[in-house]
Amino acid sequence: MARRGPTFVCQNCGAVTGRWQGKCEACGEWNTIVEESAAADARLAGPGKPPRKGRPFALEPLAGEAHEAPRLPSGIAELDRVTGGGFVRGSVLLVGGDPGIGKSTLLIQTAAALARAGHRAVYISGEEAVAQVRLRAERLGLAAAPVELAAETSVEDIIATLTQGKTPRLVVIDSIQTMWTDAVESAPGTVTQVRGSAQALIRFAKRSGAAVILVGHVTKDGQIAGPRVVEHMVDAVLSFEGEGTHLFRILRAVKNRFGPTDEIGVFEMTGGGLREVANPSELFLSERDLGSPGTAVFAGVEGTRPLLVEMQALVAPTTLGTPRRAVIGWDQNRLSMVLAVLEAHCGVKLSGYDVYLNVAGGLRIQEPAADLAAAAALVSSLGNAPLPPDAVFFGEVSLSGAIRPVAQSAARLKEAQKLGFGRAYLPEPARGEAGADSALTLTGVGGLADLVADIAQRGKRRGGVAELSALSGGVETGPPPGKRAHY
Ligand code: TYD
Ligand code: MG
């Protein structure tokens with residue numbers, strides 16, 4: 001029997017407590033606990049219904065005809081790449097992203113593409129009026145596409161409308177935080193409402209076979225707002241990312257029950273909406289600052305697609321007691337590890353220096369294969385020794401300082417060659433395997449110390465900076481010289 005009286009629900013993690021508290025015991029967040037109706041959860045099952053007797057269903061053997069999930073390609077190749085080949089019938093997809101990143105733009109373009117291909121596509125906006133959505137569609141040149149449009153927030157009304165006539169192939173709900181269901185008494189936007197509305201829409205998708213896309217807001221620390229439980233309820237979670245000042249937008253699968261989670265889709269925000277970027281390497285390398293120290297091109301792979309991106313480092317004498325370690329677009333822990341290996345095995349003393357590392361173009365790299373490129377950029381900046389502009393780097397640095405081979409070396413080399421690069425620094429074992437039929441000049445790197453010595457030599461030839469001479473001899477660098485202490 002459900003307990004009567006108020007319940008208090010954490011708006012961050014969905015934990016339920018019996019009394020109000022300033023801090024949620026479950027997730028540690030402050031001021032996230034809000035009173036919600038006690039009967040709310042119980043009512044989700046259906047208000048006032050008598051308990052139903054269970055209906056027996058047929059059990060099936062594991063062996064049998066495997067049905068490939070019937071998919072509906074959106075016609076937007078970068079989106080299909082991330083979903084794993086299109087929308088699956090009856091599936092629910094959550095798209096999260098910062099306000100203004102382009103979620104509504106992407107989804108109205110998707111709905112229009114499907115509608116133009118002759119499928120029934122419905123776009124429900126809970127945030128904007130119909131006129132606003134129309135205005136955007138007009139700007140995007142999509143006004144003629146037969147998308148069915150409404151500005152509604154009541155889940156019951158929406159489902160009643162959608163079940164009339166032919167079942168839609170795609171339903172976009174923009175956004176789930178604006179929806180509310182009669183089954184729950186809490187205010188729209190609360191955890192219980194979001195969960196209740198999502199549950200009703202998921203049930204509709206499974207029953208009707210329509211693919212439903214829910215738009216989700218993102219909190220300031222990058223989580224999709226509302227209970228994490230919605231992320232567990234849906235079939236796929238996509239995150240739409242980008243840096244404010246850049247026009248690139250990256251769509252990434254965080255979870256996908258029907259496809260890979262390591263593929264990314266790359267878009268560019270233009271005056272006429274989102275444009276697909278079929279060859280992102282060209283885009284990420286388009287603003288390269290050739291010949292300056294502290295930059296290295298990383299030959300990466302995102303899913304099945306090779307992707308070249310520039311890593312930029314700045315190593316500058318610190319004025320603080322604890323030097324700064326700042327990183328954008330890469331893992332802070334991996335940076336710490338690479339710095340530790342440089343100190344321990346290569347004689348590069350960095351304790352007197354601030355270190356900044358940035359991945360150009362607003363991309364976020366997760367591969368350990370970026371270690372070698374990051375290390376090269378760091379040492380290049382420290383020694384004021386530019387790396388060869390036609391070189392790419394990849395390889396994983398182990399704690400012993402050895403360079404470990406990484407997957408898909410051949411694909412990385414091929415992409416570098418395609419984009420006009422002339423040489424590659426790669427793990428020694430990969431040189432023989434993948435490099436046999438590569439036209440690039442390959443330098444196999446056995447250990448990180450070899451790379452450091454190579455870069456130090458390069459700097460020495462350029463006129464000899466104090467740090468460099470020390471590095472090329474493999475000994476510790478002296479105290480930071482005053483002339484670079486402007487940072
Ligand atoms: P929007 O799709 O409304 O973002 P979200 O739904 O994620 O909040 O996109 C809003 C931004 O995109 C806005 O700052 C203007 C920009 N934009 C363009 O640059 N070009 C366009 O064609 C459109 C429609 C929007
Ligand atoms: Mg929007």
Side-chain angles (χ1 to χ4, degrees), residues 11-12 74 76 78-79 82-83 93-113 121 123-143 145 147 149-153 170-179 188-190 194 197-198 212-226 228 230-231 234 236-254 264-277 280 283-284 286-287 328-329 358-364:
Q11 303 298 300
N12 186 53
S74 67
I76 299 177
E78 292 296 300
L79 177 62
V82 179
T83 53
L93 211 137
L94 180 66
V95 178
D98 288 328
I101 203 79
K103 300 180 294 296
S104 305
T105 308
L106 176 69
L107 295 176
I108 194 83
Q109 284 182 262
T110 308
Y123 185 96
I124 311 276
S125 177
E127 305 198 329
E128 293 164 306
V130 169
Q132 273 175 298
V133 181
R134 276 204 188 116
L135 209 66
R136 180 189 286 122
E138 227 160 80
R139 219 177 122 191
L140 300 173
L142 301 173
V147 176
L149 199 63
E152 271 300 332
T153 53
L170 179 75
V171 179
V172 177
I173 305 286
D174 189 357
S175 64
I176 186 67
Q177 274 89 3
T178 55
M179 295 294 139
T190 54
V194 170
S197 305
V212 173
I213 301 182
L214 308 176
V215 174
H217 286 243
V218 166
T219 57
K220 57 183 181 306
D221 53 353
Q223 306 278 1
I224 293 176
R228 296 304 303 261
V230 173
E231 286 184 40
V234 297
V237 180
L238 308 186
S239 131
F240 204 34
E241 308 165 352
E243 290 289 323
T245 50
H246 293 289
L247 296 175
F248 321 130
R249 298 284 182 268
I250 290 159
L251 190 66
R252 191 186 288 278
V254 180
I264 62 167
V266 185
F267 297 87
E268 189 182 2
M269 184 59 98
T270 68
L274 288 159
R275 192 179 64 81
E276 294 178 60
V277 178
L283 191 74
F284 288 121
S286 62
E287 293 163 13
I328 300 174
N358 177 38
V359 177
L363 192 70
R364 212 178 65 224

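Starting from 1, each residue takes its place in the sequence as its number.
The shortest heavy-atom contact between Val215 and Gln177 is O-OE1, 4.0 Å. Shown here for Leu140 and Gly273, the closest heavy-atom pair between the two residues is CD2-CA, 3.2 Å. Counting all heavy atoms, side chain and backbone alike, Ala113 lies closest to Ser74 at CB-O, 3.5 Å.
Just one residue in the list Val234, Val172, Val171 forms a side-chain contact (heavy atoms from CB on, under 4.5 Å) with Leu214, and that residue is Val234. Just one residue in the list Thr105, Leu106, Val277 forms a side-chain contact (heavy atoms from CB on, under 4.5 Å) with Phe267, and that residue is Leu106.
Atom CD of Glu127 sits about 7.5 Å away from atom NZ of Lys103, to the nearest 0.5 Å. The line from CG of Leu247 to CG of Leu274 is 10.5 Å long, rounded to the nearest 0.5 Å. Considering OH of Tyr123 and CG of Leu149, their distance stands at 8.0 Å, rounded to 0.5 Å. Leu107 contributes atom CG, which lies 5.0 Å from atom CD1 of Ile213 (distance to the nearest 0.5 angstrom). Once rounded to the nearest 0.5 Å, the distance linking CD1 of Ile250 with CD of Glu78 reads 10.5 Å.
In this structure, Leu238 and Leu94 have side chains that are not in contact, with every pair of non-hydrogen atoms separated by 4.5 Å or more. Between Ile108 and Thr110, the closest side-chain pair of non-hydrogen atoms is not below 4.5 Å. The shortest side-chain heavy-atom distance between Leu142 and Gln109 falls under the 4.5 Å cut-off.
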(request) Take Arg249 and Ile101 through the side chain to side chain contact (heavy atoms under 4.5 Å, CB included) test and state the conclusion after the steps. (result) CA-CA 8 Å; Arg249 298 284 182 268; Ile101 203 79; 3.7 Å; yes
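Remark: Glu268 engages Arg275 in a salt bridge (charged side-chain N to carboxylate O under 4.0 Å, His left out) (not counting sequence neighbours).
There is a side-chain donor-acceptor pair under 3.5 Å between Asp174 and Ser104.
Between Arg364 and Glu241 there is a salt bridge, with a side-chain nitrogen of the basic residue lying less than 4.0 Å from a carboxylate oxygen of the acidic one.
The backbone N or O of Val194 lies less than 3.5 Å from no partner atom in the side chain of Ser197, so there is not a single donor-acceptor pair.
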Please tabulate, one pair per line, all N/O donor-acceptor pairs under 3.5 Å involving side-chain atoms of residues 129-139, not counting sequence neighbours.
residue: Gln132; atom: OE1; partner: Ala129; partner atom: N; Å: 3.0
residue: Arg136; atom: NH1; partner: Glu128; partner atom: OE1; Å: 3.3
residue: Arg136; atom: NH2; partner: Glu128; partner atom: OE2; Å: 3.0

